Amino acid sequence: MNRNQLDKFEQGIQEAYKNYELPYSSSEFTQVSRRLFRKRIFSGLALWGGVAAITAIVGVSGYLIVSSDNNVTTSATPNAPDVSNTVSIPNSNEDVNEEATEGLTEIISGFKKDVMNASGNSENSPSTTPIASVAQESSEEAVLPASADSNDKNRSLAIEPSVRQACAGTDVHFTAKNSPKNGSYLWNFGDGSFSNQENPFHIYKKSGTFDVSLSVTNPNDGQISTIAMRDLITINPKPEADFEWSYTNNPVGEPTAKFVNTSVNANSFVWRFAGNGTSSEVSPSVIYNSKGKQSVILEVQNTFGCKDEQVKIIQVNADFNLGAELRMSEQNIAFMPEALKKGGNKFKLSIYDGENIIFETSAKTKVWKGEMKSGKKAVAGQQFPWIVLIYGEDGNDARYYSGTLTIVP
Amino acid sequence: MSTEPSQQELIDGCLKGDSRSQNAIYKMYYGKMKAVCLRYASSTDEAKDMVQDGFIKVFSSLEKFEGNGSLEGWIRRIMVNLSIDQYRKKKHTVDLDLENSKHYVEESAEEDDEQEPDIYDFQPHHIVEAMQQLTPVYRTVFNLYVFENFSHQEISEKLGISLGTSKSNYSKAKKNMKKILIKNKISESNES
């Protein structure tokens, strides 16, 4: 491994430091995580401007009305730019499907029960402390707004999504911050789906911008804290990769697959042909010379950077070697591969005697009749390797074929 | 479901911005990378910043990791390149400050009696302490040659110095390392 010649001293230093590791530091990771989070938010352009961290007002959603007997504390994340905007969350998405609605009822009823139980407890221990001020273990963790790392003792309930912008189909992880221990949770993901987990995962299947809200009931006093964030999650459409293909022969007779790109919602394409390189054309053509199964992968991407891919297998039924003859009688030598005779492409045919080129031509009418360097003619038992380069329309991009001609009696 | 996520799953998670995956990768490589950065930094605080900057870079460019080599090697290269970049950025200020440098002796012609350490049983902290006393250019050249195994040709290209400067800096850096290590060792044994 060592290219540099190290002496005893240098080796001693290298050896002493080998495998040296320092203990893991969770606080340092928190700082990294916070910086990454800010980076993402700031790179998410003016999104932040629209992400007014907004108080959900009673009446916005049914589940809040339930709790009207309790001390409902509504909380905004710190530095909410505009608290006066209200969000109408549950009804904002029109295509709430029936299944989701069913789930919704169930979760809400469960939630109600929790609220009732909790309110029972609260009689014994009335409290007016806003729920959001309950100190949590995770005081080191970053809260959503980038500026939240001030010494804010009244930490408010906050929502931290794993991503703010994603492609449809991405699993987004939501974390409830500064929430009471063992509280009951109701998340509204804004797309007609709900969850009562503390830190749920949710897959957004459709594109759009989604409001997300979270209500948490404190098990000790029944207080409900709610946070609603407008346009928290932006889901970009995902492209769909697909293609069709047909099999033809080009003028030289080379078996060619013509691919037709039928992808939807995509504007950049990478084709990967097993053993045949790549292409970024929309609908490329590829020549297949070897018998067997070949995979074709089409990777597509849209302007949002969302990706999809499609894989298909091409079955090539026969090897193609220009239709060149393998054997010729010494009586009647006349070598010019069939495909070259028919085709119109520029080519170069070279024939070897094992070491040197003995014949070269670019004209399809100029066939090899067995003549060799010595002036003698080829005889039975001799073998002559040949190479053909076929040039593309632009004169470059040569394709290469080779074989061996055996002379027989 | 309870199986450990594979490296690829963790990478995919990081690409989606999943902080648990990021934490897992961070946990795996933090200790080693901190050790790398300690060698390049002039203080523990600087090393801490370097590690952080390095991991920010790792997580924001993870899509460029092609999986050809080990992830650890790739992360390590990011840390080393970052150290080189930092050195290059600071180069001008460093050069100007050299005269007033609080760092250990620069090469002085009359002190050519090179001492050899009696024994070579250094501890990692000896090395870190000694490296921190080198001037930035000596430290960087020494690191790249001994630990990163770069040739002088590569070092000169990376640091934007001539081949000759790389070689002479290296030999001075090595000489200083010996002096510092011997001196520190003596004072350490006197204390105990």
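Sequence lines set the chain letters: A, B, ... in the order given, protein chains first and strands last, and positions in each chain run from 1. Here the structure is a predicted model, which is why all the values come from computation and not from measurement.
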Partner residues of B:Arg77 under the salt bridge (Lys or Arg N to Asp or Glu O under 4.0 Å) criterion, sequence neighbours left out: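 Not a single residue meets the salt bridge (Lys or Arg N to Asp or Glu O under 4.0 Å) criterion with B:Arg77.
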Partner residues of B:Lys34 under the salt bridge (Lys or Arg N to Asp or Glu O under 4.0 Å) criterion, sequence neighbours left out: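 For B:Lys34, the residues satisfying salt bridge (Lys or Arg N to Asp or Glu O under 4.0 Å) (neighbours in sequence not counted) are A:Glu28.
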A:Glu240 atom CD: more than 12 heavy-atom contacts under 6.0 Å: no
Identify which part of [X] has an atom lying under 4.5 Å from any heavy atom of chain A, answering side chain, backbone, both or neither.
X: B:Ile56; result: both
X: B:Arg39; result: both
X: B:Tyr145; result: both
X: B:Met177; result: both
X: B:Glu63; result: neither

Pair B:Tyr30 + A:Phe29: ring centers closer than 6.0 Å: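 No, the ring centres sit 6.0 Å or more apart.
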Distance, nearest 0.5 Å, that separates [atom1] of [X] from [atom2] of [Y]:
X: A:Ile13; Y: B:Met131; atom1: CD1; atom2: CE; value: 7.5 Å
X: A:Phe9; Y: B:Lys175; atom1: CZ; atom2: NZ; value: 12.5 Å
X: A:Tyr17; Y: B:Asn143; atom1: OH; atom2: CG; value: 8.5 Å
X: B:His152; Y: A:Asn4; atom1: NE2; atom2: CG; value: 7.0 Å
X: B:Lys32; Y: A:Asn19; atom1: NZ; atom2: CG; value: 7.0 Å
X: A:Arg35; Y: B:Gln52; atom1: CZ; atom2: CD; value: 5.5 Å

Disulfide (SG to SG under 2.5 Å) partners of residues 155-203 of chain A, not counting sequence neighbours, each pair once: A:Cys167-A:Cys306
A:Glu10 to B:Val146 - nearest heavy-atom pair and separation: O-CG1, 4.0 Å
Closest contact, heavy atoms only, A:Ala16 versus B:Pro124: O-CG, 3.4 Å
Heavy-atom check, side chain of A:Val32 versus side chain of B:Gln22, under 4.5 Å: no
Residues 7-15 of chain B: residues contacting chain A (heavy atom under 4.5 Å, by number): none
